[in-house]
Protein chains: 2
Amino acid sequence: MSHDLDLIFAALSDPTRRAILEMLLEDDMAVTDVAEPFEMSLAAISKHLGILTRAGLIVQEKRGRVKWCKLDPSAIRASSVWMQGFGQFVELDLDGLERFLAQELPQD
Amino acid sequence: MSHDLDLIFAALSDPTRRAILEMLLEDDMAVTDVAEPFEMSLAAISKHLGILTRAGLIVQEKRGRVKWCKLDPSAIRASSVWMQGFGQFVELDLDGLERFLAQELPQD
DNA sequence: GCTTTGGTCAACCATTTGGTTGAATAACGA
DNA sequence: TCGTTATTCAACCAAATGGTTGACCAAAGC
């Protein structure tokens with residue numbers, strides 16, 4: 001129970017940070033590359049990444065002078081689990097979830 | 001796509017508001033009753049309920065002088081759908097979800 | 001009618017948030 | 001070694017957040 005829902009949901013409440021997470025869904029990225037599409041300073045993006053890291057949504061690993069960012073499943077899962085507490089609501093979307101998975105994930 | 005993830009996740013990031021949602025999971029409640037377990041003014045709770053309402057997480061309906069609060073599934077579902085975009089992570093919990101549903105929901 | 005009950009509104013306050021800039025640090029490439 | 005690239009740090013700022021109090025309004029109850 002080490003995941004702090006306060007931090008996780010607060011991190012997810014910012015559109016820039018959600019966009020970053022979606023970018024990282026495609027591939028791990030360096031901080032500079034994460035910042036590129038945004039019209040905002042590198043320092044601001046660095047702060048956002050710090051918030052995502054503290055929330056446990058991503059991990060950052062420094063190799064050389066480049067700091068790589070990648071998604072960390074566990075926090076997303078923690079918040080997902082909390083939402084499942086609202087089973088009577090989430091269950092209604094199980095079919096949609098299955099459809100989504102079947103459609104989006106290559107069946108390798 | 002009328003649901004604003006900014007508002008939803010910001011609303012969920014506060015522990016008082018999450019606690020309120022969990023209370024409402026059991027039953028619809030009047031504002032005063034929602035406030036009762038918290039050590040905080042009624043006005044503060046009223047604000048929290050306003051935030052939850054604006055986020056679409058609850059609906060409030062006034063009957064007489066009593067304002068009833070109840071969960072609104074749609075916003076929870078909207079955020080849940082966003083999380084499903086992280087399918088490669090959420091899928092890992094499908095088994096857990098099924099277990100949860102099987103265990104928590106009476107099979108009527 | 002009054003008084004109580006249920007709830008919001010307005011003004012205020014301290015803290016946090018999301019951004020800026022400029023300087024600092026660290027590692028590469030020539 | 002020197003300049004460049006990658007990233008953070010520190011100080012600052014405006015705006016938003018989460019709480020308070022006291023006044024206010026509307027619906028019951030006596």
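In this text the structure is predicted, and so the values were computed from the model without any measurement. All chains are named by letter (A, B, ...) in the order of the sequence lines, taking the proteins before the strands, and each is independently numbered beginning at 1.
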Pairing residues for B:K47 by the side-chain contact (heavy atoms from CB on, under 4.5 Å) criterion, not counting sequence neighbours: none
Pairing residues for A:Q60 by the side-chain contact (heavy atoms from CB on, under 4.5 Å) criterion, not counting sequence neighbours: A:V31, A:L49, A:T53, A:I58, A:K67, A:C69
Round to a whole Å and report the spacing from [atom1] of [X] to [atom2] of [N].
| X | N | atom1 | atom2 | result |
| --- | --- | --- | --- | --- |
| A:L7 | D:dT17 | CG | C1' | 16 Å |
| A:D6 | C:dT15 | CG | P | 18 Å |
| B:W68 | D:dA27 | CH2 | C1' | 15 Å |
| A:E61 | D:dA6 | CD | C1' | 16 Å |
| B:K67 | C:dT5 | NZ | C1' | 16 Å |

Contacts of type ring pair (Phe, Tyr, Trp, His ring centres under 6.0 Å), residue B:W68, not counting sequence neighbours: none
Salt bridge (charged side-chain N to carboxylate O under 4.0 Å, His left out) partners of B:E61, counting only residues at least two apart: B:R63
A:I76 with A:M83, same ILVMFWY side-chain cluster at under 4.5 Å: yes
Per-nucleotide protein contact string for nucleotides 16-30 of chain C, where B marks a base within reach and S marks sugar-phosphate only (heavy atoms under 4.0 Å, - for neither): --SBBB-----BB--
Exercise answer: donor-acceptor pairs, residues 8-19 of chain B side-chain atoms, under 3.5 Å, sequence neighbours excluded:
unit_1	atom_1	unit_2	atom_2	d
B:S13	OG	B:A10	O	2.7
B:D14	OD1	B:T16	N	2.9
B:D14	OD1	B:R17	N	3.2
B:R17	NE	B:A11	O	2.8
B:R17	NH1	B:H48	ND1	3.1
B:R17	NH2	B:A10	O	3.1
B:R18	NH1	A:D6	OD1	3.2
B:R18	NH1	B:L12	O	2.8
B:R18	NH2	A:D6	OD1	2.6

